[in-house]
Colleague: 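One structure, as structure tokens, below. Some questions next.
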There are 2 protein chains.
Amino acid sequence: MGQGIDVAVSTVILALLPTGGEPGDGPGDEPGSGPGGPRLHLPLVRRTREPHRDCWALPGGWVRPEESLADAGRRTLAETTGLRPSYLEQLYTFGRPDRSPTGRVVSVVYTALVRSREAAAAQEGENVRWSVADDATGLAFDHDEVVRYALWRLRTKIEYGSIARHFIGERFSLSQLREVHESVLQRRLDPANFRRAVEASGTVEPTDERLTGGRHRPPRLYRAVPAPHGAAPPWEGAGPPA
Amino acid sequence: MGQGIDVAVSTVILALLPTGGEPGDGPGDEPGSGPGGPRLHLPLVRRTREPHRDCWALPGGWVRPEESLADAGRRTLAETTGLRPSYLEQLYTFGRPDRSPTGRVVSVVYTALVRSREAAAAQEGENVRWSVADDATGLAFDHDEVVRYALWRLRTKIEYGSIARHFIGERFSLSQLREVHESVLQRRLDPANFRRAVEASGTVEPTDERLTGGRHRPPRLYRAVPAPHGAAPPWEGAGPPA
DNA sequence: ACAAAAGTGTTGGAAGTACACCCATGA
DNA sequence: TCATGGGTGTACTTCCAACACTTTTGT
């Protein structure tokens, strides 16, 4: 066709990191890592060329002719930050004619969630920075808007099981899961009611293991149950069609 | 950049039409228009060129360099079917490398809802056909999949006010609104409980008018209330950024 | 023994469901 | 007056938030 429209992908990758802390120690670690527990962070990359040179922006890049959109998201993410999230979900496609000053660009934006330990793989430095998601403003292009929309979507449609699987490890206590939800939703949750809601949701199941080494009674460990099915588009998180 | 990727838009436009009927008479008209009341229909267009020549497909076309994605959706929709829906919402972006045999095409798909009277504007003929949405299979490209996803999204996230505004007229009785919901959800709803749920939702408000000319007690007419705010991305349905 | 978190029970209110019943109109 | 849908009342159930309470561990 030759329309002269370029197709890019960008990714909003979110991780829960202790306020003021470094990637690597995540929720469930020593307390005192901040006034309100861990907060949502996302990696930004500094642009090294025009337009918006030296501005911070979401990691991303051009889609290659032979790769799927999700694959392009994964590839550009790895190239710019070193991150390789297991889960990627399409967020929205932005295509205002004037959103890039150099020409027509349509950006397919993905959202990913990573565990705090994986977040450490993003080599922070001169050109990569972890930023508190709610404070990320002044970004290049329309990325401010993209980030706000990604946060809105995360907070309004999350499932117990999925958020557990993606933000924390394979095995987790209900307190850890609750702390994740409290950090995302930015409000306290009743431990008793949270327990019952999670158990009734059917998205997690108890194991025989317990978390020892804590300072008090060892909690039972749970794991995310595969997938309830039928509540989401079948291809999300997996691969095709993307 | 010159990636050789073409950007298209397609639109899933849904209307409630009586089973076996013609566009123009909609829900709330004479009964006997089918065993189970009106059903979701969508217009399909016959492809006049390769690939998939003579196959039925979703209306759509190429995005022009200077128009927004939503505008491209509106324009191609009007060109192929004559329809001009007031509401357009982005559904998903499909971009498998092999989804078109002639080259790399990324399709941004929009969903629209139209009133049955507006649906009559789609000049049905040799190359435009209204089809029962749940029965639409064998379409060109990956459009089967697109239609199924659009139906899933409509059925899982609808609001009283919005569905009223888009599927039926400015003024409507609660019975008409209930019939719309019953058709979309494919199950009967209790009239008394439906009334209370709608009234409590705050998305519709009563007027002083009544619908006369019916065969029985004239029902009060309601209208959709502007917008609750904060429950959806701000730009959907309006225009930019899209 | 004590502190602190794990885990259970109970209660009251909101919201959803089923269904009985009265009201208003056209034929 | 009667059939029919419009509209109201009410009891029952289910869900959810608040919070008191018991259990189990490390120190």
Side-chain angles (χ1 to χ4, degrees), chain A residues 27-33 37-38 156 158-160 164 168 171-183 185-223 228 231, chain B residues 27-33 36-38 156-160 164 168 171-183 185-223 228 231:
Chain A
D29 288 350
E30 317 78 49
S33 46
T156 52
I158 52 174
E159 286 286 321
Y160 290 116
I168 47 187
R171 304 291 158 95
F172 48 86
S173 72
L174 290 186
S175 285
Q176 291 173 322
L177 181 57
R178 178 168 49 85
E179 191 181 16
V180 169
H181 278 253
E182 288 177 341
S183 296
L185 299 176
Q186 295 178 306
R187 63 188 176 91
R188 306 298 271 171
L189 299 171
D190 183 293
N193 296 332
F194 182 80
R195 162 184 302 275
R196 278 183 288 251
V198 170
E199 284 170 345
S201 77
T203 57
V204 303
E205 60 185 11
T207 68
D208 291 336
E209 303 167 62
R210 289 170 182 278
L211 178 60
T212 59
R215 280 178 293 282
H216 303 292
R217 174 175 174 178
R220 182 181 292 275
L221 290 178
Y222 288 73
R223 98 178 121 237
Chain B
D29 289 351
E30 317 78 48
S33 47
T156 52
K157 19 191 146 169
I158 53 173
E159 287 285 323
Y160 290 117
I168 47 186
R171 304 292 157 94
F172 48 87
S173 72
L174 290 188
S175 285
Q176 291 174 323
L177 181 56
R178 177 168 49 85
E179 191 180 16
V180 168
H181 278 253
E182 288 177 342
S183 296
L185 300 175
Q186 296 178 307
R187 64 187 176 93
R188 306 298 269 170
L189 300 171
D190 183 292
N193 297 332
F194 182 80
R195 163 182 301 275
R196 276 183 288 253
V198 170
E199 283 170 346
S201 76
T203 57
V204 303
E205 59 186 11
T207 69
D208 290 336
E209 302 167 62
R210 289 170 184 278
L211 178 60
T212 58
R215 279 176 294 280
H216 304 291
R217 174 174 174 179
R220 182 182 292 274
L221 290 177
Y222 288 73
R223 95 176 123 239

Colleague: What's the shortest heavy-atom distance between A:Asn193 and A:Asp190, and which atoms?
Modeller: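 Scanning both residues completely, I find the closest heavy atoms to be N-OD1, 3.0 Å.
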Colleague: Can you check the B:Glu179 CD to D:dT4 P distance for me, whole Å?
Modeller: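 Spelled out: CD on B:Glu179 to P on D:dT4 is 17 Å.
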Colleague: If you define the side chain from C-beta out and look only at heavy atoms, does anything of B:Val180 sit under 4.5 Å from B:Phe172?
Modeller: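 B:Val180 vs B:Phe172: side chains apart.
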Colleague: State, to 0.1 Å, how close B:Asp208 and B:Arg220 come at their nearest heavy-atom pair, and which atoms those are.
Modeller: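 Nearest pair, atom of B:Asp208 first, then B:Arg220: CA-NH1, 4.2 Å.
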Colleague: Using the side-chain hydrogen bond (donor to acceptor under 3.5 Å, both in side chains) rule, pick out the option among A:Glu205, A:Gln176, A:Glu199 that qualifies with A:Tyr222.
Modeller: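 Testing A:Tyr222 for a side-chain hydrogen bond (donor to acceptor under 3.5 Å, both in side chains) against A:Glu205, A:Gln176, A:Glu199 leaves exactly one candidate, A:Glu199.
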Colleague: Starting at CZ of B:Arg196, measure out to OG of B:Ser201 and round the result to the nearest 0.5 Å.
Modeller: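 Those atoms lie 14.0 Å apart.
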Colleague: So which protein N/O to nucleotides 25-27 of chain D N/O distances come out below 3.5 Å?
Modeller:
from	atom 1	to	atom 2	distance (Å)
D:dG26	O4'	A:Arg215	O	2.9

Colleague: Are the side chain of B:Arg188 and the backbone N or O of B:Glu182 linked by a donor-acceptor pair below 3.5 Å?
Modeller: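 Answer holds: no.
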Colleague: Can you tell me how far CG of A:Leu189 sits from NE2 of A:His181, rounded to the nearest 0.5 angstrom?
Modeller: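 Between A:His181 NE2 and A:Leu189 CG, I get 8.0 Å after rounding to 0.5 Å.
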Colleague: May I have the distance from A:Glu199 (atom CD) to D:dC16 (atom P), rounded to whole angstrom?
Modeller: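 One finds 14 Å between P of D:dC16 and CD of A:Glu199, rounded.
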Colleague: How close do B:Pro38 and B:Glu179 get, heavy atom to heavy atom, and via which atoms?
Modeller: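 Smallest interatomic distance, heavy atoms only, reads CD-OE2, 3.4 Å.
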Colleague: Might you point out which heavy atoms bring B:Arg195 and B:Leu174 nearest each other, and give the distance in Å?
Modeller: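 Minimum heavy-atom separation between B:Arg195 and B:Leu174: NH1-CD1, 3.6 Å.
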Colleague: When we call it a touch if two heavy atoms are under 4.0 Å apart, what does A:Ser173 touch: a base, just sugar-phosphate, or nothing?
Modeller: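 Counting heavy atoms under 4.0 Å across all strands, no contact is made by A:Ser173.
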Colleague: Hey, what are the protein-to-nucleotides 9-13 of chain D N/O distances that come in under 3.5 Å?
Modeller:
from	atom 1	to	atom 2	distance (Å)
D:dG9	N7	B:Arg196	NH1	3.1
D:dG9	O6	B:Arg196	NH2	2.9
D:dT10	O4	B:Arg196	NH2	3.3

Colleague: How long is the span from the OG1 atom in A:Thr207 to the CZ atom in A:Arg210, to the nearest 0.5 Å?
Modeller: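 Going from OG1 on A:Thr207 over to CZ on A:Arg210, the span is 9.0 Å.
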Colleague: For A:Arg188 and D:dA17, what is the distance between atoms CZ and P respectively, to the nearest whole Å?
Modeller: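 Checked: the CZ to P distance equals 16 Å.
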Colleague: Please find the pair of heavy atoms, one from B:Leu221 and one from B:Ser173, that lie closest to each other, and give the distance.
Modeller: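 Shortest heavy-atom separation between B:Leu221 and B:Ser173 comes out as CD2-N, 3.6 Å.
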Colleague: Please find the earliest and latest nucleotides of DNA chain C, in the 5' to 3' direction, that have an atom within less than 4.0 Å of any heavy atom of chain B.
Modeller: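 Under 4.0 Å from chain B, the extent on DNA chain C is C:dT17 to C:dG26.
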Colleague: Atom CZ of B:Arg178 and atom P of D:dG7: how far apart are they, to the nearest Å?
Modeller: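 That distance rounds to 11 Å.
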